[in-house]
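Each remark here refers to the structure printed beneath this line.
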Amino acid sequence: QVQLVESGGGLVQPGGSLRLSCAAAGVTLNSYTIAWFRQAPGKEREGVSCVNKNDGGTRYAESVKGRFTISRDNAKNTVYLQMDSLRPEDTAIYYCATDSVLSSCTTILAGGYDSRGQGTQVTVSS
């Protein structure tokens with residue numbers, strides 16, 4: 001398993017931006033497909049975005065497409081989720097996840113991961 005740590009959450013007004021970071025120690029993150037999920041109280045977990053380790057391909061949930069951007073900084077061994085034009089319905093705990101074997105974004109976004117971080121709270125409110 002991979003130990004992942006998220007940071008960058010906080011309180012932001014509607015229309016604002018945040019950048020979440022997903023870091024790991026002891027492993028090279030560009031060797032893994034990394035996905036971001038969110039979980040809001042009373043709602044099901046939602047796969048938000050994913051970046052594939054093999055071709056760098058990205059995937060986004062329809063609810064965030066055009067507003068969120070996933071990227072890697074290999075020099076910093078970090079995966080980012082840039083979140084713009086935030087809405088109150090984006091409020092949730094966000095966490096990154098990966099699998100030590102699987103590489104498919106489709107599979108990981110469906111919940112097929114064996115490692116995840118503790119999460120970071122994002123609150124969008126005026």
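Keep in mind it's a predicted model, so treat the numbers as computed, not measured.
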Say whether I34 and V5 are linked into one hydrophobic cluster, either directly or through other cluster members, by side-chain heavy-atom distances under 4.5 angstrom.
-> no
Examine I70 and V122 and state if one hydrophobic cluster contains both, with Ile, Leu, Val, Met, Phe, Trp and Tyr joined whenever side-chain heavy atoms are less than 4.5 Å apart.
-> yes
Taking every non-hydrogen atom, the tightest pair across [X] and [Y]:
{"X": "E44", "Y": "Q39", "answer": "C-NE2, 3.6 Å"}
{"X": "C22", "Y": "W36", "answer": "CB-CZ2, 3.5 Å"}
{"X": "L86", "Y": "R67", "answer": "CA-NH1, 3.9 Å"}
{"X": "S85", "Y": "S17", "answer": "N-OG, 4.4 Å"}
{"X": "G47", "Y": "A61", "answer": "O-CB, 3.4 Å"}
{"X": "Y94", "Y": "E6", "answer": "O-CG, 4.2 Å"}

Say you draw a straight line from [atom1] of [X] to [atom2] of [Y]; how long is it, rounded to the nearest 0.5 Å?
{"X": "I108", "Y": "C96", "atom1": "CD1", "atom2": "SG", "value": "11.5 Å"}
{"X": "M83", "Y": "L20", "atom1": "CE", "atom2": "CG", "value": "3.5 Å"}
{"X": "Q13", "Y": "T123", "atom1": "CD", "atom2": "OG1", "value": "13.0 Å"}
{"X": "K53", "Y": "L102", "atom1": "NZ", "atom2": "CG", "value": "8.5 Å"}
{"X": "T78", "Y": "D73", "atom1": "OG1", "atom2": "CG", "value": "6.5 Å"}
{"X": "K76", "Y": "L29", "atom1": "NZ", "atom2": "CG", "value": "14.0 Å"}

With no hydrogens and no angle check, is any side-chain donor or acceptor of N77 less than 3.5 Å from a backbone partner on V27?
-> yes
Check whether any side-chain N or O of T28 sits under 3.5 Å from a backbone N or O of S31 as a donor-acceptor pair, and report yes or no.
-> no
Quick one: are T91 and Q121 in side-chain contact, heavy atoms under 4.5 Å?
-> yes
Given [X], which partner from the list [options] fulfils the side-chain contact (heavy atoms from CB on, under 4.5 Å) test?
{"X": "S49", "options": "T69, V79, L81, V64", "value": "L81"}
{"X": "Y32", "options": "T98, V51, L4, N52", "value": "T98"}
{"X": "R59", "options": "V48, T33, T106", "value": "T106"}

Return yes when atom CD of Q3 has more than 12 non-hydrogen atoms of other residues, nucleotides or ligands closer than 6.0 Å, and no otherwise.
-> no
In terms of ring plane angle, is the pair Y113 and Y95 parallel, tilted or perpendicular, where the classes change at 30° and 60°?
-> perpendicular
